[in-house]
Undergrad: 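The structure is given below, and queries will be raised subsequently.
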Amino acid sequence: MTETVVTRFAPSPTGFLHIGGARTALFNWLFAKAHGGKMLLRIEDTDRARSTEEAIQAILDGLRWLELDWEGEPVYQFARAERHRDVADKLLADGKAYRCYATPEELQAMRDKARAEGNSPGYDGTWRDRDPALAPDGIAPAIRFKAPCEGETIIEDRVQGRVTFANKDLDDFVILRSDGSPTYMLSVVVDDHDMGITHVVRGDDHLTNAARQTQLFEALDWQAPIYAHVPLIHGPDGAKLSKRHGALGVEAYREMGYLPVALRNYLVRLGWSHGNAEIISTDEMISWFNLEAIGRSPARFDFTKLESLNRHYLRAMSDEEIVSHLKALVPHLPNADDLLDRIGDEGWDQLERAMPGLKERAKTLVDLLESAEYLFLKRPLAPDEKASKLLDRDGQETLAQLLPELQSVDPWNVTEVENCLRAFAERTDRKLGKVAQPLRAALTGRTTSPGIFDVLDVLGREEAVARIVDQTKHS
RNA sequence: GCCCCGUUCGUCUAGUGGCCUAGGACGCCGGCCUCUCACGCCGGAAACAGGGGUUCGAGUCCCCUACGGGGCGCCA
């Protein structure tokens with residue numbers, strides 16, 4: 001049965017890979033994988049003024065970071081302009097397109113008039129049947145597609161269902177600008193055809209375009225791909241996602257300390273579901289993904305849920321793997337040099353040993369780094385305000401008494417350290433908390449940290465004792 | 001303005017005419033656990049936009065209204 005599925009992700013490089021684009025890419029990738037097909041990448045760089053090399057790199061990096069791979073080399077749309085022009089010429093020769101000499105002013109007047117009359121503000125077809133001999137001198141014409149005026153164009157959309165457009169509402173759009181450059185509408189159709197795209201999965205802001213593109217496919221006598229228009233992602237307030245919300249580049253999510261696996265899970269569940277499944281592995285996504293289960297209404301982006309997923313994946317990940325993620329992340333952080341400097345060479349090992357207590361508490365890699373800070377502080381520590389309160393006369397007294405006991409712990413490990421602390425607390429008739437809290441303050445400079453026994457263990461006897469001494473000698 | 005699409009707890013959603021006194025997840029609230037913070041566990045509040053139909057029976061089908069979104073470029 002199987003015609004191979006070929007999807008494509010086709011961003012225009014006018015900015016970073018934003019979250020909506022990332023989801024579109026993910027859906028295309030999943031759909032292709034689910035059907036043993038392939039996803040192609042096409043850079044829609046026909047807008048020369050706004051396309052940048054920087055944006056292209058950002059998009060490629062973003063996809064790689066998300067681990068969404070594409071087949072072969074990216075196709076650059078602008079490089080195919082000659083081919084697009086040939087198709088426009090063919091349409092012209094076949095009488096399916098025509099030269100339009102309308103000026104921008106005339107077009108604007110046309111739109112204003114239509115709107116005033118309560119009609120769709122499209123091109124009115126002035127040059128559609130006008131005698132080319134009437135063409136004004138010195139004006140280079142644009143080429144417009146001669147769209148059908150009657151009947152309807154129907155899209156059998158895999159997400160939206162059957163969507164019907166009356167042809168009278170669709171105007172004669174430009175396929176070749178007066179400077180000879182092809183427009184998006186033409187380029188997309190030619191490229192999708194030439195690239196053998198079987199399924200177009202994209203944002204539903206393209207739904208109307210699908211109708212126009214279908215008309216072009218028909219005029220060219222080519223088979224149109226199957227369309228699936230997925231609803232856009234909205235911000236927390238229900239309005240279109242803007243920078244203010246979370247329409248950040250995916251690299252921003254990386255810098256916030258999110259894991260690719262978590263972002264993929266979050267994104268796939270945003271607008272798509274598989275029963276009550278929430279935690280979905282990449283393999284499961286691939287085997288379960290289908291276009292029909294994509295919802296038809298826009299979803300709001302929710303950082304809190306992303307965080308929760310990220311926390312889950314962090315906790316499930318091996319200590320070693322987290323460290324390697326951290327190593328990859330740190331250079332991208334704003335304070336990279338400082339961090340690298342403080343962690344040093346041995347820091348990574350220490351980090352890995354402290355990881356069980358750290359990852360349990362972190363939502364993001366950045367959180368994790370933050371709560372690991374106690375490992376890399378230089379003595380003497382400067383306790384924060386709350387920690388200082390714990391190091392009052394009473395606290396210092398406790399620590400002073402505890403010190404010799406700790407010094408004689410042997411061997412120095414979590415179990416022995418715990419035994420020592422518990423025995424000390426019991427013998428001196430203190431609750432464990434009365435001992436642990438001042439100790440935590442002295443060891444980390446804060447009132448919260450991983451378990452105190454783990455902190456002692458990871459710091460090592462020498463450093464731990466020194467930090468305690470630092471905080472008790474000024475009493 | 002015109003065209004298209006949508007509307008289940010705060011959010012993401014399950015639900016395809018009877019299994020729904022509407023389920024799950026995140027968040028929120030309360031409790032337990034406890035060396036802090038988390039985790040974990042237990043419990044709780046919380047939704048079918050409104051109105052008409054169709055049907056023995058509607059969250060599920062139809063219509064209208066309201067609200068939300070998208071599109072309407074010689075941008076993509």
Side-chain angles (χ1 to χ4, degrees), chain A residues 10-14 44-47 49-51 77 100 102-104 107-108 111 114-123 140-144 155 157 159-161 163-166 168-171 173-179 181-185 187-188 203-209 211 229 231-232 234 236 238-240 266 269-279 295-309 311 315 357 359-363 371 386 390 418 421-422 425 431-437 439-441 444 446-453 455:
Chain A
S12 58
T14 54
E44 306 209 319
D45 55 352
T46 55
D47 184 339
R50 293 197 298 151
S51 297
Q77 195 160 55
C100 168
T103 63
L107 292 173
Q108 190 54 49
R111 277 190 280 271
R115 198 176 281 255
E117 289 170 354
N119 294 320
S120 211
Y123 181 70
I143 309 296
R144 284 182 186 271
I155 309 295
D157 194 278
V159 172
Q160 305 289 338
V163 184
T164 307
F165 293 90
K168 67 176 171 55
D169 295 327
L170 269 12
D171 67 349
F173 52 89
V174 172
I175 55 177
L176 211 58
R177 299 186 186 92
S178 50
D179 67 359
S181 64
T183 63
Y184 159 81
M185 209 63 78
S187 302
V188 169
D204 76 359
D205 48 338
H206 285 290
L207 191 55
T208 323
N209 292 338
H229 289 90
L232 268 17
H234 287 185
K240 196 172 174 178
Y266 177 71
R269 272 292 284 115
L270 199 61
W272 174 85
S273 61
H274 181 78
N276 280 335
E278 296 284 349
I279 303 293
R296 281 150 314 276
S297 51
R300 301 182 189 203
F301 191 86
D302 179 16
F303 266 101
T304 316
K305 188 133 184 181
L306 206 210
E307 272 183 358
S308 142
L309 246 11
R311 188 182 65 194
R315 294 181 60 208
K359 70 181 178 188
E360 189 83 5
R361 292 164 172 75
K363 289 195 177 89
S371 56
K386 287 185 206 158
L390 288 169
E418 175 166 2
L421 279 199
R422 288 196 187 280
K431 292 207 164 183
L432 185 57
K434 272 296 192 190
V435 182
Q437 278 306 83
L439 187 53
R440 169 170 287 112
T444 69
R446 303 186 189 178
T447 53
T448 66
S449 82
I452 197 67
F453 313 126
V455 171

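The model shown is predicted, which means the values in this text are computed figures rather than measured ones. The chains referred to below are lettered A, B, ... by the order of the sequence lines, with proteins before strands, and numbering in each begins at 1.
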Undergrad: Base, sugar-phosphate, or nothing for A:Leu232, non-hydrogen atoms under 4.0 angstrom?
TA: sugar-phosphate
Undergrad: Looking only at side-chain N and O atoms, does A:Arg50 come under 4.0 Å of OP1 or OP2 in B:rA76?
TA: no
Undergrad: Whether A:Thr447 contacts B:rU36 is assessed here as follows: a side-chain N or O lying under 4.0 Å from the phosphate OP1 or OP2. Is that the case?
TA: no
Undergrad: From the list B:rC74, B:rA76, B:rC12, which nucleotide is the closest neighbour of the side chain of A:Gln77?
TA: B:rA76
Undergrad: Which one, B:rA76, B:rG27, B:rC12, comes nearest to the side chain of A:His206?
TA: B:rA76
Undergrad: Of the options B:rA14, B:rC35, B:rA76, whose atoms approach the side-chain atoms of A:Glu44 most closely?
TA: B:rA76
Undergrad: Taking any heavy-atom pair under 4.0 Å as a contact, classify A:Pro450: base, sugar-phosphate, or nothing.
TA: base
Undergrad: Within the pair A:Thr183 and B:rC74, is there a side-chain N or O less than 4.0 Å away from OP1 or OP2?
TA: no
Undergrad: Give one of base, sugar-phosphate or nothing for A:Ser449, where a contact means two heavy atoms less than 4.0 Å apart.
TA: base
Undergrad: What contact category does A:Arg300 fall into here, base, sugar-phosphate, or nothing, at under 4.0 angstrom with non-hydrogen atoms?
TA: sugar-phosphate
Undergrad: Between protein and nucleotides 3-7 of chain B, what N or O pairs are separated by less than 3.5 Å?
TA:
from	atom 1	to	atom 2	distance (Å)
B:rC5	O2'	A:Gln160	OE1	3.2

Undergrad: Looking at every strand, decide which applies to A:Ser371 at a 4.0 Å heavy-atom threshold: base, sugar-phosphate, or nothing.
TA: nothing
Undergrad: Heavy atoms from C-beta onward define the side chain here; which of B:rG70, B:rU36, B:rG24 lies closest to that of A:Asp205?
TA: B:rG70
Undergrad: Hey, does A:Ser178 reach any base, or is it just sugar-phosphate, or nothing, if we go heavy atoms under 4.0 Å?
TA: base
Undergrad: When you get a sec, tell me which of B:rG24, B:rC35, B:rA76 is the closest nucleotide to the side chain of A:Lys305?
TA: B:rG24
Undergrad: For A:Asn209, which contact category applies under a 4.0 Å heavy-atom criterion: base, sugar-phosphate, or nothing?
TA: base
Undergrad: Base, sugar-phosphate alone, or nothing: which one does A:Gly451 contact when heavy atoms must sit under 4.0 Å apart?
TA: base
Undergrad: Nearest to the side chain of A:Glu360, which nucleotide is it out of B:rA76, B:rG71, B:rC39?
TA: B:rC39
Undergrad: Between atom CG of A:Asp204 and atom OG of A:Ser297, what is the distance when rounded to the nearest 0.5 Å?
TA: 10.0 Å
Undergrad: Quick one: label A:Phe453 by what it contacts on the DNA or RNA (base, sugar-phosphate, nothing), any heavy atom closer than 4.0 Å.
TA: base
Undergrad: Between B:rG24, B:rA76, B:rU36, which one does the side chain of A:Glu278 approach most closely?
TA: B:rG24
Undergrad: Return no unless some side-chain N or O of A:Arg315 is found under 4.0 Å from OP1 or OP2 of B:rG40.
TA: yes
Undergrad: Would one find a side-chain N or O of A:Arg361 under 4.0 angstrom from OP1 or OP2 of B:rC39?
TA: no
Undergrad: Does B:rC32 pair with anything, Watson-Crick or G-U wobble, both distances under 3.5 Å, and if so, with which nucleotide?
TA: B:rG40
Undergrad: Classify the nucleic acid contact of A:Ala362 as base, sugar-phosphate or nothing, counting any heavy atom under 4.0 Å across all strands shown.
TA: nothing
Undergrad: For A:Ala142, report the nucleic acid contact type (base, sugar-phosphate, nothing); a contact means any heavy atom under 4.0 Å.
TA: base
